[in-house]
Amino acid sequence: MAAALITACGTKGEQKPAMAGPRVVTSVELFADLIRQVAGQRAQVTALVPAGADPHTYEPVPSKVVAVAKADLVLINGLGFEETLMDVIKNNVGGRVPVIEMSAGLPVLEAGNQGTGNPHLWLNVRNAIHYVEVARDALIQVDPQGEAEYGANAQKYLAELENLDGQVEQSIASIPAERRKLVTSHDAFPYLAQRYGLELVGTVVGSPGQEPSAARVADLTKQIEAEHVPAVFKEPQVSAQVMELAAKDAGVEVCSLYSDALQGEVNTYVKLMQFDASELVRCLGSSPASH
Ligand SMILES: [Zn+2]
């Protein structure tokens, strides 16, 4: 209804898929994937941050601003994760369409140096299940005629996520407890650690956009050695130079974990969690034969 009123202006020359459903805007491709699983063919989902970019520092380009202006629904994570996008969202849809935080209602863990709480809730699959339920309900709110379709799509995907949660739990449980230690690029893994039983030892970048210092590298090297951390984990959207130096000094392997950004073959949320679980097992799992 509202959509019909606002699409009257300025859309000529644009190639649009022929669909009548709502236009949904979200922040990252990771969430676009979760939402598309529910939207199916009925709604069009656009992410403002391109795959591989760091959402904590990304500034949206004009074509994405246009997408926001045409949105019928905006689904964000909340907790400051969309800090660089909020002006564009507020200025273009403020008060006109629902802007819904998918993390709302979930228990939040403290972030070391941010006032808002740590935003990376989706790395616990139980929380991603909540996001999908919020997305389903929001889609039904803006497009009530699609209720049966959204409901059926969500039911199927939620069952897949239930399985995924069990798979990740089982994989990580196979790692000896004393080796389940996490050193990562940025502070994205407290929810994963809490849910699946890992210990957070340290991060290289304290807060988004902050350059790590040489002193921090030296501290990290000491920490890796003192806590017998078997491997460290870089993230594709964050520079790994400093971590690689620390790992070399400490004599441990640099592995990878996905957190905020999809990239290459890791192009869905399910693949992201499967990749992370198997990488954790590969890099932390084996005990030295001498024990
Ligand atoms: Zn992050």
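Counting convention: from 1, in listed order, for ligands and their atoms alike.
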Angle, NE2 of His186 through the Zn ion (ligand 1) to NE2 of His56 - 10° precision:
110°
Does any N, O or S atom of Asp187, backbone or side chain, fall under 2.8 Å from the Zn ion (ligand 1)?
no
Do Tyr196 and Val125 touch side chain to side chain, with heavy atoms closer than 4.5 Å?
yes
Given side chains that start at C-beta, do those of Glu235 and Gln263 come closer than 4.5 Å, heavy atoms only?
no
For the Zn ion (ligand 1): the N/O/S atom of Asp260 at shortest distance:
OD2
Out of the candidates Tyr191, Tyr269, Phe31, only one should pair with Trp122 under the ring pair (Phe, Tyr, Trp, His ring centres under 6.0 Å) rule; please name it.
Phe31
Using side-chain contact (heavy atoms from CB on, under 4.5 Å) as the criterion, point out the one residue from Asn91, Val88, Val97 that pairs with Val68.
Val88
